[in-house]
Amino acid sequence: MSASTGAGPAICPTLLYRDAGAAIALLTEGFGFTRVAVYEDGAGVVQHAELAYGNGVVMLGSAGRGGVFARAMADAGPTGVYVAVDDVDAHHRRAAAYGVEILMPPTDQDYGARDYLARDPEGNVWSFGSYVPATAG
């Protein structure tokens, strides 16, 4: 798939988790992502996973497996990911019902958007809102 064909997202956040299985459960059950692919080794360790939301994808895997990416990420801090959603309040209710740590409830912003902030168990901050960034083109 080529980034120039528009067949898929050109930018995908990529995260490593100490417990990738728990992260997949939180993202699918708590945030409503769809499981696209999950590849595990013989011991059930998540090597690579792709979860979709709308036309976006987040890729994740298990930390501590070695390799160039894992070494590069070893001292990286948590990341922040923004996801545009159709109904911020309904999305927030789902996440809160799942037990997600909510950092900021749905809030109207001065620039016209509505969003909320949550943190996953490994410290990554997730923002869900009504703002849809434009792309050049």
Side-chain angles (χ1 to χ4, degrees):
M1 175 181 321
S2 169
S4 64
T5 65
I11 298 174
C12 303
T14 305
L15 306 166
L16 293 178
Y17 285 94
R18 288 181 297 277
D19 188 344
I24 291 168
L26 176 125
L27 291 167
T28 57
E29 299 300 320
F31 289 152
F33 280 70
T34 300
R35 182 186 283 224
V36 175
V38 177
Y39 303 96
E40 298 175 337
D41 67 12
V45 175
V46 176
Q47 301 295 304
H48 176 81
E50 298 172 14
L51 307 176
Y53 194 97
N55 65 354
V57 173
V58 62
M59 297 187 295
L60 64 93
S62 296
R65 296 181 299 113
V68 174
F69 185 73
R71 285 191 301 275
M73 292 293 291
D75 292 325
T79 191
V81 179
Y82 175 81
V83 180
V85 298
D86 290 330
D87 185 335
V88 174
D89 295 284
H91 195 277
H92 169 262
R93 284 191 297 275
R94 176 186 183 144
Y98 187 76
V100 173
E101 178 185 0
I102 304 298
L103 302 175
M104 181 186 78
T107 303
D108 292 327
Q109 303 300 329
D110 291 340
Y111 52 90
R114 182 167 179 78
D115 55 27
Y116 79 95
L117 296 175
R119 183 181 357 251
D120 71 29
E122 296 197 22
N124 299 296
V125 175
W126 292 81
S127 304
F128 296 91
S130 61
Y131 176 76
V132 178
T135 58

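Just so you know, residue 1 is the first one in the sequence shown, and it goes up from there. As the structure is a computational prediction, the values presented were derived from the model and not from experiment.
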With distance as the sole test, does [X] use its side chain to make a donor-acceptor pair with the main-chain N or O of [Y] at under 3.5 Å?
X	Y	result
R65	Q47	yes
N124	T79	yes
T14	C12	yes
E122	D19	yes
R94	H91	no

Do [X] and [Y] belong to the same hydrophobic cluster, where Ile, Leu, Val, Met, Phe, Trp and Tyr are linked whenever their side-chain heavy atoms lie under 4.5 Å apart, directly or via other members?
X	Y	result
V125	L16	no
L26	M59	no
M73	V81	no

Considering non-hydrogen atoms only, spot the tightest contact between [X] and [Y] and give its length.
X	Y	answer
A52	V36	CB-CG2, 3.6 Å
P105	Y116	C-CB, 3.7 Å
S62	A20	OG-CB, 3.5 Å

With sequence neighbours excluded, tell me which residues meet side-chain contact (heavy atoms from CB on, under 4.5 Å) with A49.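 For A49 the side-chain contact (heavy atoms from CB on, under 4.5 Å) partners, ignoring immediate neighbours, are I24, V38, V46, L60.
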
### Task
Using the ring-ring contact (aromatic ring centres under 6.0 Å, His included) rule, take F33 and W126 through it: C-alpha gap first, then chi angles, then the decisive distance, then the call.
CA-CA 13 Å; F33 280 70; W126 292 81; 5.8 Å; yes

Sorted by chain and residue number, the side-chain hydrogen bond (donor to acceptor under 3.5 Å, both in side chains) partners of R18 (sequence neighbours excluded) come out as none

**Request:** Just do the side-chain contact (heavy atoms from CB on, under 4.5 Å) check on V100 and D120 with the steps written out, would you?
**Result:** CA-CA 7 Å; V100 173; D120 71 29; over 6 Å; no

**Request:** Evaluate side-chain contact (heavy atoms from CB on, under 4.5 Å) for L51 paired with V57, printing each intermediate quantity in order.
**Result:** CA-CA 6 Å; L51 307 176; V57 173; over 6 Å; no

Q. So how far is it from R119 CZ to E101 CD, rounded to the nearest 0.5 Å?
A.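 Result: 4.5 Å between the selected atoms.
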
OG of S130 to CG of D87, rounded to nearest 0.5 Å, is 10.0 Å

Item to complete: Could you verify whether a donor N or O on one side chain and an acceptor N or O on the other, from D115 and Y82, lie under 3.5 Å apart?
Response: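 Absent: no donor and acceptor within the cut-off.
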
D108 meets the salt bridge (Lys or Arg N to Asp or Glu O under 4.0 Å) criterion, sequence neighbours left out, with R114

Validation row, ring centre F128 to ring centre F31 under 6.0 Å:
yes

- Is it true that atom CG of D86 has more than 12 heavy atoms of other residues, nucleotides or ligands lying nearer than 6.0 Å? no

- request: Could you please spell out the steps behind the side-chain contact (heavy atoms from CB on, under 4.5 Å) verdict for I102 and H92?
  value: CA-CA 8 Å; I102 304 298; H92 169 262; 3.8 Å; yes

